[in-house]
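Take a look at the structure set out below.
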Amino acid sequence: MTPTTTRGWDEFMEGIWRQNPVFVMVLGMCPTLAVTVSAENALSMGISTALVLIASCGLVSMMRDITPKEVRIAVYIVIIATFVTVVDYAIQAISLALYDALGAFIQLIVVNCIILGRAEAHAAKNPPLPAMINAAGMGAGFTIGLLALGVVREILGAGTLFGVSLFGAGFQPWVIMVLPPGGFFVLGSWLLLFAAVERRKQRKLAEQGEVGQNV
Amino acid sequence: MSADAPPTPAVQTTPTVAMIRTLGLVSAICGLIIVGAYQSTFDAVAANKRIATERAVFKVIPAAKSIAEFVALPTGGVQKVGAGDTAAGAVKFFAAYDEKGQLAGIAAEGAARGYADTVRIMFGYSPDCQCIVGLGVVSMRETPGIGDKILTDKEFLANFVKLDARLNADLSALAHEVKTVKHGTKTNPWQIDAIAGATITSRAVGKAINDAAQVLLPKVVPQLETLKAKS
Amino acid sequence: MTASIEIRSAPHVSGPRTVEKIMRHVVWSLLPICAFYVFQYGLSALASIVVVTAACLLTERFFVRTGTQAGSLSDFSAVITGLLLALTLPPGFPLWMGAVAGITAIALGKALFGGIGFNVFNPALVGRAFVQAAFPTAIATYTPSLLAGRFGEFIPSSLAWPFMLPADTAAWLQSKHLDALAGATPLAKWKFDGVLAGAGELLTSLSGHMAVGPSPLLILACGAYLAARRYLDWRIPAAILGSAGVTAWILFGLDPLRYPNPFFMLFSGGLVLGAVYMATDMATSPVTPKGMWVYGALIGLLTVVIRYYSGLPEGVMYAILIANAASPLIEKITQPTPFGKSAMTGMGKRRKGATYPLNPGYISREDAGAVTPKKRFLRNKPKKS
């Protein structure tokens with residue numbers, strides 16, 4: 001077991017599970033609730049955010065030694081805004097329909113607190129490679145979170161998954177799932193599930209601890 | 001800070017020059033990245049936009065094979081977009097041509113307030129029958145399952161196969177106002193039969209068509225000869 | 001540890017009226033209404049009541065068993081939720097959607113807040129609001145009452161497969177030689193077609209082929225029984241009906257052509273059922289007498305405003321839910337003056353409420369070596385092995 005690879009893997013998994021931005025840290029709720037009406041939108045939004053996250057964390061990390069702390073926020077925002085603009089153009093070039101579906105939320109990635117948070121908390125203190133690995137983990141965690149919402153909302157709200165019909169023509173769509181309240185309900189259910197799993201794990205740990213003490 | 005203030009622990013201050021240097025460097029790098037991205041995606045974005053517009057126009061004018069963008073000037077007369085400055089108050093529309101280069105119809109956008117938000121539609125007008133021959137929705141946020149039936153409801157879309165939009169004798173307005181009527185009570189060719197249960201959205205479509213047609217058609221119809229010459 | 005002192009909060013004296021007893025009486029008083037409803041719509045109505053109530057009870061059982069919710073199954077409160085929910089849904093509402101409504105009502109409206117007595121919103125209305133938003137077409141599809149052969153066959157939309165679209169009711173009505181408009185409720189007819197139904201017809205719900213709920217007269221009679229036994233407070237229904245009536249009457253007086261007469265407002269839709277059974281839910285309405293009047297007046301006013309000025313034909317549900325949310329605030333501003341404290345002394349100053357916060361230094365549990373009794377409602381929690 002080489003220490004470096006293990007560390008990189010841990011850094012990556014941190015964002016996916018232990019500090020998942022959607023389910024554990026509850027960050028970036030605005031796009032989470034707004035664009036997850038379909039799995040496709042959720043996936044595109046997640047990937048766009050992840051790309052911005054990785055690129056900007058990399059650049060922030062490279063510049064960390066020459067960034068005076070007084071102007072660091074300005075530097076981060078300029079860097080983040082740059083990559084958001086790049087992603088914005090890229091999506092327009094790939095598909096206008098997707099661009100219309102995601103709407104203003106592409107531009108709003110600039111103010112997504114996950115990205116600024118990562119830049120400030122991690123990238124500014126670590127060399128580029130670990131910073132990008134950590135950012136990739138966070139991005140993947142965010143994508144998984146969005147996808148979890150998007151899949152549920154698309155299946156119930158339209159009877160399809162990635163546009164493929166699952167139930168045939170007679171499906172009764174749950175209109176509420178494609179409306180904003182549906183987003184809140186699905187997010188709440190996922191948070192509930194995560195909290196329940198976490199609590200169960202801790203109870204098991206506590207029980208094991210008690211057993212250990214008794215022995 | 002006055003001289004007799006308690007000595008503060010030495011705070012390392014960054015010289016202003018360093019800040020400006022860093023900000024300048026970051027701005028330069030970011031500027032380069034953005035320009036690069038803009039340049040490399042410019043053609044693809046433009047092509048996408050053109051395809052999207054063409055698709056929307058082709059949907060409302062079935063015979064169309066190519067389009068040209070025009071504006072109707074407030075003083076009367078039409079002008080091709082790109083030829084000189086467009087006057088204020090000009091209304092944009094598209095002329096569509098069939099494969100032989102003949103004028104197949106005119107497409108224009110209209111908007112009216114629906115149930116949740118503004119419903120923006122595009123309609124196709126055929127000069128041959130002086131009627132509206134197609135309806136497309138540009139954007140809307142109507143209730144899924146109710147209001148968005150205007151996209152799918154066959155009975156409703158059948159209204160727009162041949163919706164009367166003749167002009168009156170002196171070409172100043174429509175001879176009959178395009179109007180949405182209650183489901184099942186359509187009697188005249190210029191009326192739109194609303195979807196049962198989605199009356200508000202249906203009305204918005206009717207109002208959008210009427211408002212746009214009342215403004216646009218009196219200006220465009222006298223100029224049809226100009227449009228027929230495809231340039 | 002030596003002698004242990006038990007510390008309990010008030011009340012220390014319990015009256016003969018228990019939650020279970022009150023709830024049982026409410027269920028009894030609801031039974032005639034349900035019977036009338038079944039008489040109106042036949043087999044579909046019966047199936048709807050059974051399925052929705054069963055869904056509520058099963059959900060309640062799940063949450064009580066897992067120990068996340070207070071209360072027990074035998075307190076009948078879930079039965080009330082189920083019956084009321086079924087009465088507010090159209091009789092031909094697909095049964096699977098009814099089950100969804102029942103599950104949502106208990107899970108979202110009740111268990112989430114901690115069970116009976118903790119809920120902020122009336123659970124039945126939470127369930128209905130959810131399906132209203134989820135299935136707007138199905139919930140607006142009513143069928144005429146008192147059809148021939150209603151005890152022998154289901155309304156076809158009732159028997160839709162789970163997750164599937166219900167069958168077309170309009171086609172079924174045509175096969176019965178009724179036009180599709182016969183299925184519209186009197187409120188929808190008035191809102192979208194401008195047709196007014198007579199107050200007398202609405203009051204009894206007995207004239208044929210009207211798409212109405214159970215008779216308002218019967219509901220008022222059952223409500224009067226409960227009020228007489230003091231199982232509900234008469235002030236709330238009185239305030240709601242009074243305020244709705246006065247608002248409708250003023251508007252009718254201003255423009256009789258545009259607005260319907262107040263009797264139509266009072267006896268159409270679910271206003272009476274909502275006023276008597278839903279707004280009076282003890283956990284979600286204010287406890288102060290003055291507060292009850294404010295709360296009822298708010299519901300009546302909102303109902304009329306929603307019916308007149310929104311895109312929806314019916315407004316009772318949202319009116320009650322909004323007033324539910326406002327009821328803690330209403331309680332706060334309508335606190336009675338405590339005994340011995342003159343109302344005059346408080347004039348000019350901010351009036352303090354009748355709550356006396358416990359001084360933290362008053363009881364020190366550690367010093368007393370006291371044991372707080374285990375929370376009662378957790379007794380069903382599975383024991384740790």
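Note that these values count all heavy atoms, side chains included, but never hydrogens, waters or copies made by symmetry. Quick caveat: nothing in here was measured; it's all calculated off a predicted structure.
- Annotation: F162(A), atom CZ; neighbour count of heavy atoms from other residues, nucleotides and ligands within 6.0 Å is above 12.
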Using atom types as modelled, flag every donor-acceptor pair under 3.5 Å from a side chain in residues 102-119 of chain A to any protein atom, sequence neighbours excluded.
from, atom 1, to, atom 2, distance (Å)
N112(A), OD1, I114(A), N, 3.0
R118(A), NH1, N134(A), OD1, 2.9

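- Remark: I33(B) CD1 to T82(A) OG1 distance equals 6.0 Å, nearest 0.5 Å.
- Around atom CZ of R18(A), no more than 12 heavy atoms belonging to other residues, nucleotides or ligands sit under 6.0 Å away.
- The OG1 atom of T22(B) sits 13.5 Å away from atom CZ of R72(A), with the distance rounded to the nearest 0.5 Å.
- Taking every heavy atom of both residues into account, L25(B) and M63(A) meet most closely at CD2-CE, 4.2 Å.
- Minimum interatomic distance between L23(B) and A74(A) (heavy atoms only, all atoms of both residues): CD2-CB, 4.2 Å.
- In terms of heavy atoms, V26(B) sits closest to I79(A) at CG1-CG1, 3.9 Å.
- Among residues two or more places apart in sequence or in another chain, the disulfide (SG to SG under 2.5 Å) test is passed with C30(B) by none.
- Here the closest non-hydrogen pair linking L96(A) and A52(B) is CD1-CB, 4.0 Å.
- Around CD of E40(A), the count of heavy atoms belonging to other residues, nucleotides or ligands within 6.0 Å does not exceed 12.
- Residue T67(A) touches chain B through both its backbone and its side chain, counting heavy-atom pairs closer than 4.5 Å.
- In this structure, the portion of I29(B) lying under 4.5 Å from any heavy atom of chain A is its side chain and not its backbone.
- Neither the backbone nor the side chain of Y99(A) comes within contact range of chain B; no heavy atom of the residue lies under 4.5 Å from a heavy atom of that chain.
- Heavy-atom distances place no part of I91(A) under 4.5 Å from chain B, backbone and side chain included.
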